[in-house]
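First listed ligand is number 1; within each ligand, the first listed atom is number 1. Every heavy atom of this structure was used, including side-chain atoms; hydrogens, water molecules and symmetry mates were not.
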Amino acid sequence: MLEPKSGEKAIIETLKEKINGTILESHEQGILLIKLDSGYNIGIKKEDIVNIETIKEEENKKTKIKKPKKTLSKLPNIDIIITGGTISSRLDSKTGGVKWLTEPEDLINLYPELLEIINIRKIKIPFMKASENMDYKDWKEIAKNVQESLNEDDCKGVIVTHGTDFLHYTSSALSFFLKDLNKPVVLTYSQRSSDRASSDARMNLICSARAAVSDIAEVILVGHASVNDDFCYALLGTKTRKMHSSKRDAFKSINKKPIAKIFPDKIEKISPYNIRNNNKVKLDDSFNSKIALIKFYPGMEPEIFDYYSQNYEGIVIEASGLGHLAIDEARKNLLPKIKKAIDNGLIICLAPQTIYGRLNPMVYSPGRKLLKTGIIFLEDMLPETAYVKLGWVLGHQQWKNKIKEKMLENFSKEINKRIEE
Ligand code: ASP
């Protein structure tokens, strides 16, 4: 029995089962290490193996990098901005983990079908990062690249590929930073690396290409609508959030219907959106990073507010259901410290910890008391969107005396007056 090399795909048969996967380099004697399509690695004792069948190149071609087909110039020109994340990584047969593609452009070479929908005008790679390693400086960098592309007459839209974990921060940042949007800005991702047969990258990218040539002039996130490979949703950048650690349809539209269903070959509109136009896009990316996002929990120490008051200019607190924090009969009453912090100039905003639904300070008396301190209740705004918006609002010196008004102004549909299921 010929043992397969690491990186090869194989079907391994033991007395008990048949296993399909990619062979990894094993450092343990007598053990064959296999990466399953589900993403898990398993070790099998070589002595238990009765047969190994390697899958030929032909069947395994999805994992190969191809050179792009010759592009058809009559297709709409789209720019692609690659920033890192799982979608730009591939299996490392030595470790079983994933690492960046050596040439990020290879992402496109893996999916030549894209070139049947769009002509890729430029590929920009400002950096390669996992999204947890980004901050507002990266959001600015992406926004600048997007703005430049959108203002080129021969560019019809932009696709940004990105890690999933903190994608909704970037989508919110782009929604606030890019003013007078004229064309589609499509953010996409994958939960499984692009070289895996089970990767969700293929459909997400193809639907993103379809969305990028559409008439949707919004910052949208395009990804699997369900675990199936049938269609994607376009979700509004400020109203979406990663809601599952591993499923393909990890991103959900919160308190708002998706914008559209995106099929590889057509688009079905679901809710109203801004239409493609001839605006010149402006970059409005001032940002004050002295902000924090924290979560209220029962038993929270009031002294926490002294710390934030001394070191930050604004905070968003994820508050309970309707917007409550421990006050009055609580053993640790937060009210005095909150009042003190606000008097000293700290901006305190509340966003719903429940994610779904809207804050309402008027239902119970503690809510009214909190409202009187000057705390800003952010209605149904997502905490992450609120965090990005607070940094953006505080970044504008001219709004210094209008922070509450600006936090409650609907700049990018971040507040939905009527919650949609
Ligand atoms: N940690 C990665 C990131 O957010 C995960 C992913 O891309 O899905 O960049």
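- The aromatic rings of Phe287 and Tyr136 lie parallel to each other, their planes meeting at an angle below 30°, with 60° marking the opposite boundary.
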Lys242 vs Thr164, test: side chain to side chain donor-acceptor pair (under 3.5 Å). Steps then yes/no. CA-CA 7 Å; Lys242 186 173 178 182; Thr164 57; 2.9 Å; yes
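- Inspection of the Tyr273 and Asp215 side chains reveals an N or O donor paired with an N or O acceptor under 3.5 Å.
- To the nearest 0.5 Å, atoms CD1 (Ile108) and CD1 (Ile120) are separated by 4.5 Å.
- To the nearest 0.5 angstrom, His396 atom NE2 is 10.5 Å from Ile403 atom CD1.
- Using a 4.0 Å cut-off to heavy atoms of Ser190, the atoms of ligand 1 that qualify are 8 (O).
- Checked by distance only, ligand 1 and Glu132 come closer than 3.5 Å through their nitrogen or oxygen atoms.
- Using a distance-only test at 3.5 Å, with no hydrogens or angles considered, a donor-acceptor pair links the side chain of Glu218 to the main chain of Asn274.
- For ligand 1, the atoms closer than 4.0 angstrom to any heavy atom of Thr86 are 5 (C), 6 (C), 7 (O), 8 (O).
- Of the protein's non-hydrogen atoms, the one nearest atom 8 (O) of ligand 1 is Thr164 OG1, 2.5 Å.
- Here's the thing with Asp165: one of its N/O atoms is less than 3.5 angstrom from an N/O atom of ligand 1.
- Atoms of ligand 1 found under 4.0 Å from any heavy atom of Gly85, numbered from 1 in the order shown, are 7 (O), 9 (O).
- Annotation for ligand 1: atoms under 4.0 Å from non-hydrogen atoms of Ala130 are 9 (O).
- Residue-ligand proximity, Ser131 to ligand 1, at heavy-atom distances under 4.0 Å covers atoms 3 (C), 4 (O), 9 (O).
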